[in-house]
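Notes follow once the structure below has been shown.
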Amino acid sequence: MTLPDTAANPAGTDRTFQVDLRGLVDLLSHHLYSSPRVYLRELLQNAVDALTARHALEPSAPADAFGVRLYANGSVVRVEDDGVGLTEADVHRFLATIGRSSKRAEQIAEQRGDFIGQFGIGLLSCFLVADEIHVLSRSARTPDAPAVEWRGRGDGSYTVRTLPVSARPRPGTTVTLTPRAEAGEWTRPAQVHALARHFGSLLRHPVTFDDGTGGPGASVNPEPAPWGRAYPTPGSRSRALAAYGEEVFGFTPLDTIELDLPAVGLRGIACVLPEAVPAGRRHGHRVHVKGMLLSEQAEEILPEWAFFVRCVVDAEVLRPTASRESLYEDDTLVAVRDALAERLRAWIARAAASDPDLLARFLQAHHLAVKSLAVHDDEILRMLLPWLPFETTDGHTTLDEFARTHRTVLVTSSVEEFRQVAAIASAAGLGVVNGGYTYDRDLVHRLPEIRPDATVADLDPETLTAHLDTVDRETELAAAAYLAQARDALAVFDCDVALRTFQPASAPALLVDSREARHERTRSQLAREQEGGLWGDILGALRQEAPRAQLILNQLNPLVRTAVTIDEPELARTSAEALYGQAVLLSRRPLRPAESSLINRSFLDLLAHALRKDS
């Protein structure tokens, strides 16, 4: 396309955009449609919409009076319908003008919501697999309407001509494609049949397929959607829905949840995944609009927390995007998403009230999803919080069971803090919950809403150290020289050293240090280095008040009892560094470069000392 030269044409004569159809088709294939296979979906949509218009024109006709017939023999692909058809004026108006849609015609404007797609841009998708499109149509609006032929080519040219009624005795439209050689992947008979079943298995109009071998045509949609069929018993219905979910998604559902929203004409099922999925990983859902498959990856149909189900639904009023491969985010979709979320909540409530075995299996696999929901949903919180599993000093258990043993429930702010203190806290009789996982800390703090007799508090270093026994004065004086050497060696890590007794005796040392304290020390250090001078001195003084880490040595441990008697300064420093390094490793927090260096150095120094002693 070139712009007019207004200097040479001062009158500003109106001109027409020149459309490069090949370039437009390339744009469609790379940026609008996900795959060339959508050509068949677009042809089916056009045929079904034509049938919808025909039924509106002849409402007394039986529902199965009109249908769609597909034909593919390797040389051509043909889609024929008994729909409303096109007049010659319609052909000129809709097929010869890029972007015009027959669904916007005045005569059917009031029925706009009954149609799946749009004719104009959808027909262009056929150029993804063919260089020529042949349309033969006859309108049902006029009894003696002639047949009209439109033939469009990939270079942008087309012809239109009127044919006698005998060219198409019955109203409707036939679209014939002559596929390109490289498009055989999408136009072989078996593939056309598979695509027709994939996109049209839930269509409400009869669709048949003929592969040209002379055999009877195969039905593409022989049965209505499984949720629309009658079953002799509720059990047989449940089994049929589960079998359909397994066929569609490839897994046996833990349970199936029927979805029915009459206000928007939506029906379907949600299949509960039998295994856990990574937090936040959202599965795509199969969404049909008026029976036609719109998308297999429609994440937007459910809220983010509902990643424990996969859905297949058929709706009447959801609005497709231009590519008809996803849903347009509007008020209707928001309302549908909220309503489906409520259906999932109701299923959880029913399982909690009447099927404890199902609830247990569900929570075992999807407790994280339920936790994410419970944080924002008071009803789910009250119903399921006592049943949700948490990591505690008593092992993995429910909060309800844990609160029966520990009237005061302490919760850590991080996983590493829990790992630092778990063994010692358990030996001291403290009940500690690991609050470092997503949602856990917030949920534990809400336990008193469910159990008013329970008390929840954050675990801090003072709480833990208060439960450690002090050593007698004589023992502490005997260890004073060693403790001084240890404090000097670990001063670079802002770490104090103390001697206590605690269980288990196999633990030589405990490092008490919170993430917040480390961040504060790092911030203070950076600020002091950047400021320097007077401000550096002031900040240095304030830094002394920042929370320090504390290495607590266990006097009950044989190794520690030996270490505190060391009178050789260098060996005392090395042993303190080794004890610090071992405590850091047990905490499983990320090592700072200086700590990694210290662990390596202290190990080599102790090894060298042992070798010298043996020699």
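Worth saying up front: this structure is predicted, and the values here are computed from it rather than measured.
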With no hydrogens and no angle check, just 3.5 Å: does a side-chain donor-acceptor pair link [X] and [Y]?
X      : Y      : result
His285 : Glu299 : no
Glu132 : Thr178 : no
Arg168 : Thr174 : yes
Ser139 : Thr142 : no
Tyr437 : Glu391 : yes
Thr87  : Asp90  : yes
Ser354 : Arg350 : no

Review point. Asp131 and Arg180: salt bridge (Lys or Arg N to Asp or Glu O under 4.0 Å), yes or no, with the steps?
Key: CA-CA 7 Å; Asp131 286 326; Arg180 293 193 298 272; 3.3 Å; yes
Practice item. Verify ring pair (Phe, Tyr, Trp, His ring centres under 6.0 Å) between Phe66 and His55, making sure each step is shown before the conclusion. Key: CA-CA 8 Å; Phe66 310 122; His55 276 289; 5.2 Å; yes
Check your understanding: Does the pair Arg69 and Asp82 meet the rule for a salt bridge (Lys or Arg N to Asp or Glu O under 4.0 Å), with working shown?
Key -> CA-CA 9 Å; Arg69 293 167 294 283; Asp82 303 315; 2.8 Å; yes
Check your understanding: What distance do Ile348 atom CD1 and Phe308 atom CZ have between them, rounded to the nearest 0.5 Å?
Key ->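 One gets 4.5 Å once the value is rounded to the nearest 0.5 Å.
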Point to revise | Separation between CG of Leu43 and CG of Leu177, rounded to the nearest 0.5 Å | key: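 Leu43 atom CG to Leu177 atom CG measures 5.5 Å (nearest 0.5 Å).
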Check your understanding: Where does the angle between the aromatic ring planes of Phe251 and Phe249 fall among parallel (under 30°), tilted (30 to 60°) and perpendicular (over 60°)?
Key -> parallel
Review point. Can you check side chain to side chain contact (heavy atoms under 4.5 Å, CB included) on Val68 and Thr208, steps first, answer last?
Key: CA-CA 6 Å; Val68 180; Thr208 59; over 6 Å; no
Practice item. Determine, using ring centers only, whether Phe362 and Trp347 are less than 6.0 Å apart. Key: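 Centroid separation for Trp347 and Phe362: below 6.0 Å.
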Check your understanding: Testing Thr438, Asp442, Asp440 for side-chain hydrogen bond (donor to acceptor under 3.5 Å, both in side chains) with Lys371, which one passes?
Key -> Asp440
Practice item. Give the intermediate values and the outcome of side chain to side chain donor-acceptor pair (under 3.5 Å) for residues Glu88 and Thr162. Key: CA-CA 7 Å; Glu88 183 178 1; Thr162 302; 3.1 Å; yes
Check your understanding: Going through the checks in order, is the salt bridge (Lys or Arg N to Asp or Glu O under 4.0 Å) test met by Glu329 and Arg337?
Key -> CA-CA 11 Å; Glu329 186 75 26; Arg337 185 163 52 234; 2.6 Å; yes
Review point. Tell me, do Arg188 and Pro179 make a side-chain contact under 4.5 Å, heavy atoms counted?
Key: no
